[in-house]
Every structure is written in C-alpha cells, then in structure tokens.
Amino acid sequence: MNAPAPTAIKPAPADFDVQGLCFDKSLIERLAGNGPRYTSYPTADHFHAGFDEAAYRAEVARQFPAGQQGPLSLYVHIPFCNTICYYCGCNKIITKNKAHAEVYLDYLDKELALQAPLFAGRAKVEQLHFGGGTPTFLSDAQLGRLMGQLRAHFDFAPKDEGEYSIEIDPRKVQPATVAHLGKLGFNRMSLGVQDFDPAVQRAVNRIQSEAETLAVIAAARAHGFKSISIDLIYGLPLQTVQGFSATLDKVIAARPDRLSIYNYAHMPQLFKTQRQINEADLPALDTKLDILSLAISKLAAAGYVYVGMDHFALPDDELAIAQRAGTLHRNFQGYSTRDDIDLLALGVSGISKLGASYSQNVRGTEEYYALLDAGKLPLFRGIALNEDDRLRRSLIQQLMCDFALDFAQLEAHWGIRFKDYFAAEQPKLAALANDGLLSLDEQRLQVLPRGRLLIRNIAMIFDRRLQQGQPLQRYSKTI
C-alpha cells in the first residue's frame, strides 16, 4: 500500500533555489550513518568476475557502433607517490624511483593498443582526467610521453572545447611543470591541500606550505587554466575549529573556482596506511560537525554555492551554472558539466562506465603487467546492468545533481508509475519528509535545504541492492 504524502510539508515552489543549504546539527547527528558515495550504481562491491573481457567487448560494440562517433571521457590512473599521506585510501605505490613509472607507461601503451581499436573512428575524447596516486610524480618528459600516447590512439576535442584535468600535489610541482601541462592541453587542475595547520600536517605526514600552494595556483592562472579546485578534509587528527578556520581563510583568499571539503573516512581495517594515525587524536563527531558548519558559513559568506556532496563553487563556475540549468552530472571523478558520457579508465584499479556496464582493472601492477604481456585486457570484475539497475542509477544521479525528481519525466522515460514501482520506498520517503529533508507531492520529490547534506541518506532509499541486506560497515560515514 502506498503511504500518503505528508501534509505537514508543503511542496517546494517552482523557482526553488537548488543551491540553498541549511545546516541542522541535531538532524545530522541523528540520521548520519554509513553509506555509499554513489560514484556508481550498483556500487563497486557488487561487481563480479563473471563480467569478463568478452562481455566488455560486446558492450563497447553496442555503445560505439561503426559509422557513428560519440563523446568519450578518459581516466588514467597513475599510482605512484613520493611519500605516504596517512589518511589516504587511494590505490598507490610509494617510491622515489622514476624508472618504475617508465615501466608503467610501457604497459599503459600496451593497454591503449588493446583498447583503442575498439573505439577507432567511433569516439571523440571530450574529457580527460589524470588521477592517482600523484600524477605529477611523472617527470615533464614522462607526462609528455603519456599525452603523446593518448593522442596517438584517440581523437581529442580542441583544448578550448574539452575538459582536460589533472590532480596536483603542490609540494612536487614547480611553475615550469604547470606551464608544461598547459602546453600539453590541460586546462583544469585539482590541488590537494587538506589542511594548512602544521600540527595536522605532521599528524598525517603531509607537510605543505601555503607559499608553494599559492605558487602553483598563480602559475595555473598565468598559463590559462580555466578552473582551479582545492581539496580539503575535515576530521583529520588534531584538527580544531580554530585551526580549520585559519585554513579556510587562506584558501578563500586564494579564490579557487571550486572547493571540495571531504569528510575523513577512518577505515584502518581497509587502508593500512591509516593505521599510522593515532585514533585518540581524531576529533569527536561534535567537533567535526562544528568544523563543517564553519566551512559552510565561511564559504557562503565568501560567495561560494553548494553544488552537492562535498563540492562548492563560485556562482560563475561551470559546475554552478550547470546545476542551475539542470545539466549537471556525476561520475567517478566527482561532478561534471558534460552530458552523462561514457568513461574509459586506463591503468591499475581504473573503473570504466560504458553503456549499461561497469568494469574494473586489476589493482596490482604485477597482475596488470602479466595480463597485458599475455595480450589480454587487464580486467578482473564488472557488472552488466539490468533494467532496474539502469532506472535506479538514473534516479540516484538526478538526486545527487538536481536534488529533485520529476515523476512525470521518470514515468514517461521508463514506462512506470512512480508510486507503484517504488511502493516499498514510500514510507521511508514520507519519514524523511516529516523530518524536513524533502517535500513530496503527486508530481515531484524536492530535496529541501535541510536534506542537501544528507543526500546520500535519501539516495540509499532507492538502492535496491543495499536493501537486500548489504552490510554498511564497509562504507564511509554519509557526513
């Protein structure tokens, strides 16, 4: 039986501000728990070995048929880092030997030689992202070699039309490298900062001065980068409200186009490097929420708007504009202004999204090298989405980006009646509506300002696989 829409919550007006935000500490303390980040649906823990190379090739052929050219996003994983940051949960290799990267590039070229023919004449690269690890572990010559490899195998959109981004560790990059990246075609960058407090930096083994960070930002602007993003983390050891306030002041003064403020997920059972962190030094939940509240208020006062899930942007930034226009999307790299285009991931652990499928490469370099030496794609798991998966993926994507669902649009596209198809979800939605997280009427679900920070909780209601008993401990806190 369908639960009635709550009468205490009025529907949101048509001109509702999608970027409005309300911080309700008591509500967050009561509702926040563990849950997926929904960079994919189904989430990666549902991928399986049954999705093999033959299934992958068949999906690429369906999605990129001969005689047509579609847009493509490329992700390249560079796993190397010079030093270890204790909080990090990325797939990484700690080394100072650049020769290791040279071998890795040899095998990336082998993977490209296997992948590129599947897309030849059928794809144009409109997005590129180098992640890691630390992509700028590569020397300038190695970065040039990798870009040359990619351009030899794929057709790229012009620099002024594409989004070509790279993650930067400011401690390892000089202005000359930033200039080199601009010449290679990069026009966006993301800088890891996390916190400028010296005590926090020592506790996580990442010593990084404000001066070297600002030098990279200045070089990026001088060499025509269209967007600069800074990553911060709250919940790190020894963090205080006062200390993070000082970091925020420095970051806001630098005026990045975008900011990401992530909740530190302390999961030492999954990430060995986190065992170096003294748990007694971690701030209590109350302090973490005070830090987040401070960040929201300071960023709002400085003119930044909340885009969604940890992300803030200036009002004239492409992300903020796309969200207001209803054209924002989300993928494994975060929020994107592009249409929901297919993603091909290269390198160890990379996850591709092609059509109604996900596929992931092996995580270790030894296995990666062995499979490529055998002439095989280095896949180890994936999943083919059924119709229900595709519907729920689309719905969760809309919630994450638009904070709203238009029932008529969903029903017309998927051939369903929303309240019938999601009958089991209606009581849970009504409960969140009564808590003021969302409004419901016959036409629309609208996430309200109190619910924006808890969007993962709302999305989880529509996660059918999660409802089938998936344990939540493997996921990070929703806030």
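Heavy-atom basis, side chains included; hydrogens, waters and symmetry copies ignored.
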Pair Y41 and F462, ring centroids less than 6.0 Å apart: no
Ring centers of F47, Y358 separated by less than 6.0 Å: yes
Point-to-point distance, once rounded to the nearest 0.5 Å, from CG of D140 to OG1 of T177: 3.5 Å
Within the 6.0 Å centroid threshold, strictly below: H266 and Y264: yes
D463 side chain near P36 side chain, heavy-atom distance below 4.5 Å: yes
Residue pair N205 / Q276, side-chain donor-acceptor N/O under 3.5 Å: no
Identified side chain to side chain contact (heavy atoms under 4.5 Å, CB included) counterpart of L232 within the set Y262, F196, F244: F244
Shortest non-hydrogen contact between P170 and Q208, atoms and distance: CG-NE2, 3.5 Å
Donor-acceptor pair, side chain of S359 and main chain of G382, under 3.5 angstrom: no
Salt-bridge present (D249, K298; N to O < 4.0 Å): yes
Side-chain heavy atoms of M400 within contact of I396, under 4.5 Å: yes
Smallest separation among heavy atoms of G235 and P283, with atom names: O-CD, 3.5 Å
Test item: R221 and I228 side chains (from C-beta on) under 4.5 Å apart, heavy atoms: yes
Stepwise salt bridge (charged side-chain N to carboxylate O under 4.0 Å, His left out) test for R258 and E318: CA-CA 10 Å; R258 304 172 186 175; E318 294 168 313; 3.6 Å; yes
4.5 Å side-chain heavy-atom contact, L259 and H311: no
Salt bridge (charged side-chain N to carboxylate O under 4.0 Å, His left out) assessment of D310 paired with R37: CA-CA 11 Å; D310 319 310; R37 295 186 62 82; 2.5 Å; yes
Side chains of N97 and T95, donor plus acceptor under 3.5 Å: no
S336-H329 side chain donor-acceptor pair, cut-off 3.5 Å: no
Any donor-acceptor pair under 3.5 Å from Q323 side chain to C401 backbone: yes
F64 and F119 aromatic centres sub-6.0 Å: yes
Salt bridge E167-R188, side-chain N to carboxylate O under 4.0 Å: no
From CA spacing to verdict: side chain to side chain contact (heavy atoms under 4.5 Å, CB included), Y369, V103: CA-CA 9 Å; Y369 296 162; V103 174; 4.0 Å; yes
K172 and N82 side chains, donor-acceptor separation under 3.5 Å: no
R393/K353 under side chain to side chain contact (heavy atoms under 4.5 Å, CB included): CA gap, chis, key distance, verdict: CA-CA 12 Å; R393 176 172 73 174; K353 182 191 80 69; 3.7 Å; yes
Test item: I230 and V193 side chains (from C-beta on) under 4.5 Å apart, heavy atoms: yes
Neighbour count above 12 (heavy atom, 6.0 Å) for E366 CD: no
Ring pair (Phe, Tyr, Trp, His ring centres under 6.0 Å) partner of F130, the single match among F186, F137, Y75: F186
Side-chain ion pair, R145 and D106, N-O less than 4.0 Å: yes
Q69 side, atom CD; R122 side, atom CZ - distance, nearest 0.5 Å: 11.5 Å
Ring centres under 6.0 angstrom apart (Y304, F312): no
Where N386 and D389 come nearest, the two heavy atoms and their spacing: OD1-N, 2.7 Å
E102 versus Q142, side-chain donor and acceptor atoms under 3.5 Å: yes
Minimum heavy-atom distance between A459 and L399, given as atom pair plus value: CA-CD1, 4.2 Å
Side chain to side chain contact (heavy atoms under 4.5 Å, CB included) assessment of L72 paired with I341: CA-CA 6 Å; L72 183 67; I341 66 176; 5.9 Å; no
Side-chain heavy atoms of F51 within contact of I383, under 4.5 Å: no
Validation row: H153, D109 side chains within 4.5 angstrom (heavy atoms): yes
Expected output: side-chain N361 to main-chain G347 donor-acceptor under 3.5 Å: yes
Residues Q63 and D342: side-chain donor-acceptor under 3.5 angstrom: yes
All ring-ring contact (aromatic ring centres under 6.0 Å, His included) counterparts of Y87, not counting sequence neighbours: none
Spacing of L191 atom CG and E212 atom CD [to the nearest 0.5 Å]: 10.5 Å
S349 side chain to Q360 side chain, donor-acceptor N/O pair below 3.5 angstrom: no
Taking every non-hydrogen atom, the tightest pair across R206 and D169: NH2-OD1, 3.4 Å
4.5 Å side-chain heavy-atom contact, P42 and L385: yes
Side-chain H-bond candidate by donor/acceptor type, E126 with S73, under 3.5 Å: no
Derivation and outcome, side chain to side chain contact (heavy atoms under 4.5 Å, CB included), residues F80 and I94: CA-CA 6 Å; F80 305 103; I94 308 302; over 6 Å; no
Donor on one side chain, acceptor on other, Y234 and D195, under 3.5 Å: no
